[in-house]
Amino acid sequence: MSRQLHLGAFLMESGHHVAAWRSPDVPERAGLDFGLYRQVAQTAERALFDAVFVADSVAVEEGPGAERISRSARFEPLTLLSALAAVTERIGLIATVTATYNEPYHVARKFASLDHLSGGRAGWNLVTSDNAAEAGNFGRDQHVGHDYRYARAEEFLQVVQGLWDGWADDAFVNDRASGLYYRPEARRVLAHEGRHFKVRGPLNVARSPQGQPVIVQAGASEAGRSLAARSAELVFTAQPTLAAAQAFYADLKGRAEAAGRSREAIKILPGAYVIVGESRAEAEDKQAALQALIDPAAAVGLVSRMIGNFDLSGYPLDEPPPELPLTDSGQRSRQQLLTHLARDGRLTLRQLAMKVAGGRGHLSIVGSAADVADVLQDGFEQGGADGFNLMPPTLPGGLDDFARLVVPELQRRGLFRTRYEGRTLREHLGLARPAWRGAAA
C-alpha cells in the first residue's frame, strides 16, 4: 500500500472559531454536552480518523475579553475520553495533560488506565502550560518560567515512561492453583531520584495494551523541538504555509535521526482549520457568516493570550501590534508565528485578530472538497506533513462537512484509508509497540 496520510480531529468545545459558540448551528453549553462529544467522536470514527484530540488548561481564561470566549466550562479530558472509550471501538483517544501542574505517578496511572479501558487507543499530549492563570490554582503567585517548565517536563516524561515499564507484559499470571498472582521477576521498582521528582514505583496498573500510550508533543520552540525529537511519537504543530511546514518537518525529522531514531518513528501533523462547502462560494459564505459574529474584544483577547500572555486591549486596533518582549509564561513559538504573521502581512491589530480568530495561526483552508484536498495533498506529498490535525470551525457541522465531503475525495485519490487495518492507536499510526525495558534496567 502506498503511503497514506493520518487525520486527527481536534475537538474544541463549540469549535475552533472564536465566535463558534454564537452560531445558531452550535448547541448551547457545548463544552458540557456529552451527547455532542459522543456524536462527533462517532462521526470521526465512521470517517476512519486516526484519533480525536482534546486540549486542556487547568484554569479558566483570564485577561481581556475572557468573558466573551467559550473556554471556561468544559470537561476534564481524561474523564471525557474514558466515557468516549465506551461508545467507540477503533478511534484513538488523545488528551492534553500538563507536566507543570501534575505529578508523574498520577499521569502514568490515568493514561495506563485509559489504554486498558479503550483496548489500546490512548495518547498523551505532553505540554508545559502556557496559561499563566494556572499558577494560582497550584500554590504559586507567578507562572513557572519557560526553561524550568521544559526541564521539569523532560524528567516528568522519563518518570512516566519508567512507571509504564513497571510490569512485564506477562507479569500477572493469576495462577489460582499455585496461589501466584504475579511473577516477582516481572516487577520493576523504578526508584527514580532526580532534580524534580523522587518516585519509587511500580505503577499499580498492569502494562498497557500498547506497551505504552502514544507520546504526543506540540511545542515548536527550541526546547520543544529538542524534547519532541528525542521522545515524541506524534507531533502537532502550527504551520500556516507549505514552506513553513516543510522547514519544520525537515528540521524535526533531522533532529530525530540525530537522536538515533528512525524518521518514521515520529509522525508530524500540522493543524488545519478547514471550512468546506459543496462549492468554493458556499464555503466562503460559511466563513463570512462566522467572521460577522466576531466580537473585537474577544478576538483581541485571543491574540493577547496566544502572543505570550500580554494584554493588548489598550492598544489602537487600527495600528500595527506593539513590539513585545520574549514571553516567559506563554508559547514562544506561537508568539514568533503571530509576530511574523503581522509583520510580513503588514497587519493592524484588528486585522491580525480577525485573521487568527478561526485558524489561530494554523493552516487555514476555505473552499470546495477538491480545494481542500489539493492543499492537504500538497502538504503531504511535498514534505510538509505526515497528515493533519483537523480543527473544525464549528461542532458538529464543521466535522460533519469534512467527513462527508473531504474524506471521500482523499480516498478517491488513494491518500486515505478505506477501512481500519488495526485496533490500536499505534497500529493506526504505523508506530512500533515498545518492548519492555524492565529486564535491561
Side-chain angles (χ1 to χ4, degrees), residues 3 5-6 8 50-51 53 94 96 98-100 123-130 145-162 164 194-196 212-272 326-327 330-337 339-340 361-363 378-389 425-426 429-435 437:
R3 176 173 173 256
L5 60 79
H6 301 285
D50 293 72
F53 166 55
I94 302 173
T96 292
T98 176
T100 305
W124 170 33
N125 181 39
L126 165 63
V127 301
T128 62
S129 290
D130 67 344
H146 185 274
D147 293 342
Y148 181 91
R149 295 201 310 271
Y150 270 96
R152 177 184 166 96
E154 292 256 11
E155 187 179 338
F156 194 110
L157 176 58
Q158 178 186 352
V159 175
V160 168
Q161 291 186 301
W164 284 337
R195 176 186 174 192
H196 302 279
Q212 295 187 1
V214 173
I215 299 297
V216 188
Q217 219 266 329
S221 65
E222 179 62 30
R225 294 187 191 208
S226 178
L227 176 61
R230 293 193 301 274
S231 307
E233 297 170 293
L234 179 61
V235 172
F236 296 149
T237 180
Q239 305 298 335
T241 66
L242 176 58
Q246 289 169 322
F248 180 86
Y249 189 91
D251 177 67
L252 198 55
K253 295 278 187 172
R255 289 180 188 230
E257 282 189 311
R261 304 176 67 198
S262 162
R263 292 173 69 87
E264 293 306 309
I266 183 169
K267 307 295 182 182
I268 300 174
L269 273 62
L326 183 67
T327 181
Q331 289 188 51
R332 290 181 178 176
S333 58
R334 193 60 59 90
Q335 181 187 41
Q336 182 182 46
L337 187 154
T339 299
H340 288 171
H362 291 262
L363 173 67
D378 282 348
F380 177 63
E381 293 183 341
Q382 296 185 35
D386 293 308
F388 297 89
N389 200 21
L425 179 55
R426 287 187 176 278
L429 294 169
L431 297 171
R433 187 182 189 276
R437 297 177 298 169

Using the side chain to side chain contact (heavy atoms under 4.5 Å, CB included) criterion, which residues pair with [X]? Sequence neighbours excluded.
X      : answer
Ala385 : Pro270, Phe388
Ala228 : Gln217, Ala232, Val235, Leu252
Val216 : Ile94, Asn125, Val214, Leu234, Phe236
Ser231 : Leu157, Leu227

So, Arg152 side chain and Ala99 main chain: donor-acceptor pair closer than 3.5 Å or not? yes
Over all heavy atoms of both residues, which pair between [X] and [Y] is shortest? Give the atoms and the distance, please.
X      : Y      : value
Thr100 : Ser129 : CB-OG, 3.8 Å
Ala220 : Phe248 : CB-CE1, 3.9 Å
Gly361 : Ala238 : O-CB, 4.1 Å
Thr339 : Gln335 : OG1-O, 2.8 Å
Leu429 : Lys267 : O-CE, 3.0 Å
Leu425 : Ala51  : CD1-CB, 4.0 Å

What residues, two or more places apart in sequence or in another chain, satisfy salt bridge (Lys or Arg N to Asp or Glu O under 4.0 Å) together with [X]?
X      : value
Asp251 : Arg225, Arg255
Glu155 : none
Arg261 : none
Arg433 : Asp169

Distance from [X] atom [atom1] to [Y] atom [atom2], nearest 0.5 Å?
X      : Y      : atom1 : atom2 : answer
Gln382 : Gln246 : CD    : CD    : 6.0 Å
Arg3   : Glu264 : CZ    : CD    : 7.0 Å
Ile215 : Ile266 : CD1   : CD1   : 11.5 Å
Leu363 : Asn389 : CG    : CG    : 12.0 Å
Phe380 : Leu269 : CZ    : CG    : 10.0 Å

Check whether any side-chain heavy atom of [X] sits under 4.5 Å from a side-chain heavy atom of [Y], and report yes or no.
X      : Y      : answer
Arg149 : Thr98  : no
Asp386 : Tyr249 : yes
His146 : Ser221 : yes

Assess the residue pair Glu222 and Tyr150 against the criterion (side chain to side chain contact (heavy atoms under 4.5 Å, CB included)); give the C-alpha distance rounded to whole Å, side-chain angles, the decisive distance to 0.1 Å, and a yes or no. CA-CA 10 Å; Glu222 179 62 30; Tyr150 270 96; over 6 Å; no
Qualifying salt bridge (Lys or Arg N to Asp or Glu O under 4.0 Å) pairs with a residue from residues 233-247, counting only residues at least two apart or across chains: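 Sorted pair list: Glu233-Arg426.
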If the condition is side chain to side chain donor-acceptor pair (under 3.5 Å), which residues does Glu381 pass it with, not counting sequence neighbours?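 In terms of side chain to side chain donor-acceptor pair (under 3.5 Å), with neighbours along the sequence ignored, Glu381 is linked to Gln377.
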Set of residues satisfying side chain to side chain donor-acceptor pair (under 3.5 Å) with respect to Thr241, sequence neighbours excluded: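 So Thr241 forms no side chain to side chain donor-acceptor pair (under 3.5 Å) with any residue.
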How would you list, by chain and number, every residue that makes a ring-ring contact (aromatic ring centres under 6.0 Å, His included) with His340, sequence neighbours excluded?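 If we apply the ring-ring contact (aromatic ring centres under 6.0 Å, His included) test to His340, skipping adjacent residues, there are no hits.
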Hey, can you tell me if Phe156 and Trp124 have their rings parallel, tilted or perpendicular (30° and 60° cut-offs)?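 Phe156 and Trp124: tilted rings.
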